[in-house]
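Written out below as structure tokens is the structure these notes cover.
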Amino acid sequence: MRKYARNVKFLMMLFSIAVIVIALPKQAKFRYEYEKGKIWNQKDLVSPYIFAILKTDGEVEADREAAISSITPIYQFNESVEKQNLEGFKNDFEIKWRSAALKEDLKARYIETGYNLLKEVYDKGVLSLNKKYQHNGENYAITILHSNVATDANTSQVYTRETALNYINERLTQYKNPDKPFLIGVIQDRLQYNLIYDEKLTTRLENEAVEGLSLTRGMVEKGELIVAKGSVINQDIYQKLESFKKAFEDNVRISGDPHLVLLGQTLLVSIVITLLMVFLYLFRKDVYHDNRLVSLILLVVTAMLATLAWAIRVQLPNLYYIPYCIVPIIIRILFDTRLALNIHLLVVLVAGFFVPNSFEFAFIEITAGMVSIYSIKNLIRREQFLISALIIVGNYLVAFLGISLIREGSFQSIDWMDFLPFVVSVLLTLLAYPLIYLFEKIFGITSDITLIELTNTNATLLRKLAFTAPGTFQHSLQVANLAESAIYSIGGNALLVRAGALYHDIGKMENPQFFIENQSAGFNPHDKLPYEESAQIIIRHVSKGVEMARRDNIPEIVVDFIRTHHGNTRVDYFYQSYLKNFPEKLVDENTFRYPGPIPFSRETGVLMLADSVEAASRSLHEPNAQAIDSLVDRIIEYKLDQEQLKDSDITLKDLETIKMIFKKMLMSIYHVRIDYQNT
């Protein structure tokens with residue numbers, strides 16, 4: 001079975017490597033790292049071949065704007081508009097003249113005047129101004145296309161509808177006693193645009209002008225020095241390096257062997273996945289031997305690197321939009337800090353081969369990942385998620401500011417819009433929390449978030465325990481406080497201990513009155529039962545607790561506390577009573593012994609000790625420093641003698657710390673004053 005599991009693990013590793021390598025862009029890595037304003041500390045860089053110097057984005061944009069501005073908008077001269085409206089003017093005039101009842105001898109002069117003015121306007125041209133070209137004032141240069149003959153002009157040389165009417169109005173004032181309102185009314189009804197803006201032709205000419213632009217400005221000859229060692233990388237050198245990088249990538253794409261690039265990527269990714277598995281084998285054997293957990297870790301790593309590869313392929317404007325911190329947060333909450341940091345480092349190292357300014361990228365993302373891990377080291381409240389996000393943003397801001405000052409040497413030169421991708425990245429990082437819930441359900445893992453929910457005393461089982469067995473509930477709260485304080489000091493999962501402590505005695509709800517903390521004064525139901533039966537009722541609260549917890553979907557990692565909190569110890573009170581009262585009878589010790597197992601982690605071991613100490617402390621008639629000191633020592637020594645802690649990974653040094661904490665807390669609970677004269 002173990003061999004089969006090992007083979008499955010190996011296949012998962014191979015599959016993860018294959019997916020990552022296939023997803024990554026197959027491009028050779030330019031060997032040089034450089035930044036504008038920095039010193040070139042490498043050897044003199046001489047060009048191995050001829051390549052063109054690319055223009056900067058600013059230069060290309062300036063050329064583009066100049067090319068577009070050199071194209072004047074095209075207006076088509078439409079003769080049919082003039083012809084149609086001049087004929088229409090005559091018809092309209094006849095109709096309106098009859099209805100106006102004007103003198104007949106003026107008719108010929110009026111129609112001639114109006115016709116000539118309208119023709120004069122149309123011959124010059126009427127157009128509508130286009131806001132796209134009105135940069136300074138209203139007038140701009142245009143090209144008029146008339147019978148396939150282009151003529152350069154200006155909008156000031158032609159009419160708009162408004163200027164045409166103004167001109168006609170001024171001309172009519174030169175005539176003696178003209179009926180201006182009548183004539184203008186007829187003319188303006190026939191005043192339409194005969195210079196029509198040809199957007200399609202204008203756009204085509206602009207595109208042709210832009211397409212004809214050169215993207216380069218000069219050449220670098222083979223053997224020419226690109227940058228000398230010790231030189232400052234100014235704008236000119238920086239552009240040569242950018243051009244050399246582009247030429248290198250183009251040459252590799254044409255002449256390079258893609259199979260060797262694939263081999264190189266496979267080797268690098270294999271190293272990362274192998275190191276991850278070695279780390280699990282050396283430091284987290286529990287995870288290493290659980291293929292379910294290994295598959296989850298490989299899934300998270302593969303998904304992040306595949307997302308990076310996708311972003312590179314679609315040419316995402318900025319690769320810092322990707323929420324790299326989502327990986328350490330997920331691993332930290334589902335596993336632990338060391339594993340989260342290790343995985344984050346490996347992911348960033350692989351990503352560094354495919355992002356620009358890889359050292360800068362590695363510094364920013366490694367520090368952000370460390371901050372994200374540290375900020376949720378002890379997850380107690382959900383608001384820590386938002387606090388963590390704010391801290392990550394703060395780290396990004398400080399790193400961005402520091403790198404910008406190193407690069408630019410001036411606050412004024414910093415482009416704060418470049419910080420926007422980091423903010424988006426942190427917002428996307430909050431997606432870790434629904435993903436954690438999804439992974440918990442799919443892979444059967446219990447995260448700190450779930451433990452927070454379980455430790456809420458309004459949870460179904462705990463609320464029922466408080467109502468059914470209030471004494472046991474209070475006992476569980478005290479045990480939780482003792483165990484949590486102890487595990488904080490010796491190292492372990494405090495949230496897990498608290499959850500285990502709150503649920504460890506839920507089985508007592510079946511028969512709460514049979515447990516002393518729930519009994520009313522003067523009544524003990526055990527007085528009427530044989531010792532064997534009483535012992536079985538007490539012992540049965542463990543199996544009943546397991547049954548209740550599983551029925552309520554309590555995670556197995558918490559159920560383990562119910563199973564182990566008494567280990568395989570005896571119910572000594574009833575066992576000793578049986579021996580005392582029936583010395584002549586043979587006794588089956590297993591009747592009085594818990595089924596186990598014994599604690600198998602620091603957390604379950606600490607809970608066993610806290611449970612025993614807290615229960616025993618209730619029997620102290622006069623709790624004082626000496627009595628509490630003696631009680632704690634005796635209980636812990638007894639557990640050691642019974643070999644209940646041998647699998648719990650608790651050292652003798654840890655036990656001394658636990659004793660000290662238990663004594664201090666019990667004295668505080670029972671308001672015991674310490675006699676400082678004897679200390």
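All residue numbers in this chain count up from 1 along the given sequence. Just so you know, these numbers come straight off a predicted model, no measurement behind them.
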Under the side-chain contact (heavy atoms from CB on, under 4.5 Å) rule, what do Leu241 and Leu45 come out as? Steps first, then yes or no, please.
CA-CA 9 Å; Leu241 289 170; Leu45 180 59; 3.6 Å; yes
For a salt bridge (Lys or Arg N to Asp or Glu O under 4.0 Å) check, start with the C-alpha distance between Lys653 and Glu656, then their side-chain angles and the critical distance, and finish with the verdict.
CA-CA 5 Å; Lys653 182 180 179 181; Glu656 291 303 316; over 6 Å; no
Would Val355 and Tyr320 count as a side-chain contact (heavy atoms from CB on, under 4.5 Å) here? Give the steps.
CA-CA 10 Å; Val355 299; Tyr320 286 111; over 6 Å; no
Would Leu645 and Ser648 count as a side-chain contact (heavy atoms from CB on, under 4.5 Å) if you check the C-alpha gap in whole Å, the side-chain angles of each, and the deciding distance to 0.1 Å?
CA-CA 5 Å; Leu645 303 175; Ser648 62; 3.6 Å; yes
Go through the steps for Glu208 and Arg204 under the test salt bridge (Lys or Arg N to Asp or Glu O under 4.0 Å), then give the verdict.
CA-CA 6 Å; Glu208 288 175 356; Arg204 181 163 67 84; 3.2 Å; yes
Is there a ring-ring contact (aromatic ring centres under 6.0 Å, His included) between Tyr503 and Phe561? Walk through the geometry before answering.
CA-CA 8 Å; Tyr503 287 87; Phe561 286 87; over 10 Å; no
Using the side-chain contact (heavy atoms from CB on, under 4.5 Å) rule, take Glu556 and Val559 through it: C-alpha gap first, then chi angles, then the decisive distance, then the call.
CA-CA 5 Å; Glu556 280 298 314; Val559 174; 4.1 Å; yes
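Annotation: side chain of Val232 is not in contact with side chain of Trp40 (no heavy-atom distance under 4.5 Å). Side-chain contact check for Asp448 versus Asn493: some heavy-atom pair is nearer than 4.5 Å. When side chains are defined from C-beta on, Glu242 does not count as touching Leu54, because their heavy atoms never get closer than 4.5 Å. Side-chain contact between Val350 and Leu268 is absent, with no heavy atoms from C-beta onward closer than 4.5 Å. Between Gln265 and Phe353, the closest side-chain pair of non-hydrogen atoms is not below 4.5 Å. At a threshold of 4.5 Å between non-hydrogen side-chain atoms, the residues Asp44 and Leu225 count as touching. Using a 4.5 Å heavy-atom threshold, the side chains of Val220 and Ile50 count as separate. A 4.5 Å side-chain heavy-atom check between Ile487 and Leu496 finds every atom pair outside the cut-off.
Shown here for Arg602 and Ile650, the closest heavy-atom pair between the two residues is O-CD1, 3.8 Å. In plain terms, the two heavy atoms of Val287 and Ile297 that are nearest each other are CG1-CD1, 3.7 Å. The two atoms that bring Leu305 and Ala351 nearest to each other are CD2-N, 4.4 Å, heavy atoms only. The shortest heavy-atom contact between Ala66 and Ser69 is O-OG, 2.9 Å. Shortest non-hydrogen contact noted between Asn234 and Ile237 is OD1-N, 2.8 Å. Annotation for Glu484 and Ala494: closest pair CG-CB, 4.0 Å, computed over non-hydrogen atoms.
Atoms CD and OG, from Glu224 and Ser47 in turn, are 7.5 Å apart once rounded to the nearest 0.5 Å. In this structure, OG1 on Thr72 lies 9.5 Å from CD on Glu206, to the nearest 0.5 angstrom. A distance of 6.5 Å separates CG of Leu11 from CG of Asn7, quoted to the nearest 0.5 Å. To the nearest 0.5 Å, atom CG of residue Leu308 and atom CE of residue Met304 are 8.5 Å apart. In this structure, Asp286 CG and Ser601 OG are separated by 10.5 Å, a value rounded to the nearest 0.5 Å. If you take CG on Leu495 and CD1 on Ile449, they are separated by 10.5 Å, rounding to the nearest 0.5 Å.
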Pair up each side-chain donor or acceptor in residues 418-436 with any protein partner under 3.5 Å, not counting sequence neighbours, and list the distances.
| unit_1 | atom_1 | unit_2 | atom_2 | d |
| --- | --- | --- | --- | --- |
| Ser425 | OG | Ile322 | O | 3.1 |
| Thr429 | OG1 | Ser425 | O | 2.8 |

Return a table of donor-acceptor pairs under 3.5 angstrom between the side chains of residues 333-343 and protein atoms on other chains or two or more places apart.
| unit_1 | atom_1 | unit_2 | atom_2 | d |
| --- | --- | --- | --- | --- |
| Asp336 | OD1 | Arg338 | N | 3.1 |
| Asp336 | OD1 | Leu339 | N | 2.8 |
| Asp336 | OD2 | Arg284 | NH1 | 2.1 |
| Thr337 | OG1 | Arg332 | NE | 3.4 |

Would you tabulate the side-chain donor-acceptor contacts of residues 387-395 under 3.5 Å, counting partners in other chains and residues two or more places apart, or write 'none'?
| unit_1 | atom_1 | unit_2 | atom_2 | d |
| --- | --- | --- | --- | --- |
| Ser388 | OG | Ser375 | OG | 2.7 |
| Asn395 | ND2 | Thr367 | OG1 | 3.4 |

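The number of heavy-atom neighbours closer than 6.0 Å to CD of Glu199, taken from other residues, nucleotides and ligands shown, is 12 or below. Heavy-atom contacts from other residues, nucleotides or ligands closer than 6.0 Å to CD of Gln235 number more than 12. Heavy atoms from other residues, nucleotides or ligands lying under 6.0 Å from CG of Asp236 number more than 12. Summarising the local packing, CG of Leu438 is surrounded by more than 12 heavy atoms from other residues, nucleotides or ligands at distances under 6.0 Å. Counting non-hydrogen atoms of other residues, nucleotides and ligands closer than 6.0 Å to NZ of Lys200 gives a total of 12 or fewer. More than 12 heavy atoms of other residues, nucleotides or ligands shown are found within 6.0 angstrom of CZ on Phe400.
Using modelled atom types, no side-chain atom of Ser16 and backbone atom of Met13 make a donor-acceptor pair closer than 3.5 Å. Lys55 contributes no side-chain N or O that, together with a main-chain N or O of Glu61, makes up a donor-acceptor pair within less than 3.5 Å. In this structure a side-chain-to-backbone donor-acceptor pair under 3.5 Å is missing from Glu603 to Gly492. Proximity of a side-chain donor or acceptor of Thr450 to a complementary backbone N or O of Thr446 within less than 3.5 Å is not detected.
In this structure Lys229 satisfies the salt bridge (charged side-chain N to carboxylate O under 4.0 Å, His left out) test with no other residue, sequence neighbours excluded. Every salt bridge (charged side-chain N to carboxylate O under 4.0 Å, His left out) that Lys646 has, sequence neighbours left out, goes to Glu643.
In this model, a donor atom of one side chain and an acceptor atom of the other lie less than 3.5 Å apart for Ser447 and Glu440. Side-chain polar atoms of Thr657 and Ser489 form no donor-acceptor pair below 3.5 angstrom. A side-chain donor-acceptor contact under 3.5 Å links Glu365 and Tyr396.
Using cut-offs of 30° and 60° for the angle between ring planes, the Tyr49 and Phe51 rings count as perpendicular.
Lys240 forms no cation-pi arrangement with Phe244, by the criterion of a distance under 6.0 Å to the ring centre and an angle within 45° of the ring axis.
Between Phe361 and Tyr324, the distance separating the two ring centers is shorter than 6.0 angstrom.
Identified under the salt bridge (Lys or Arg N to Asp or Glu O under 4.0 Å) test for residues 291-303, with sequence neighbours left out: Asp290-Arg292.
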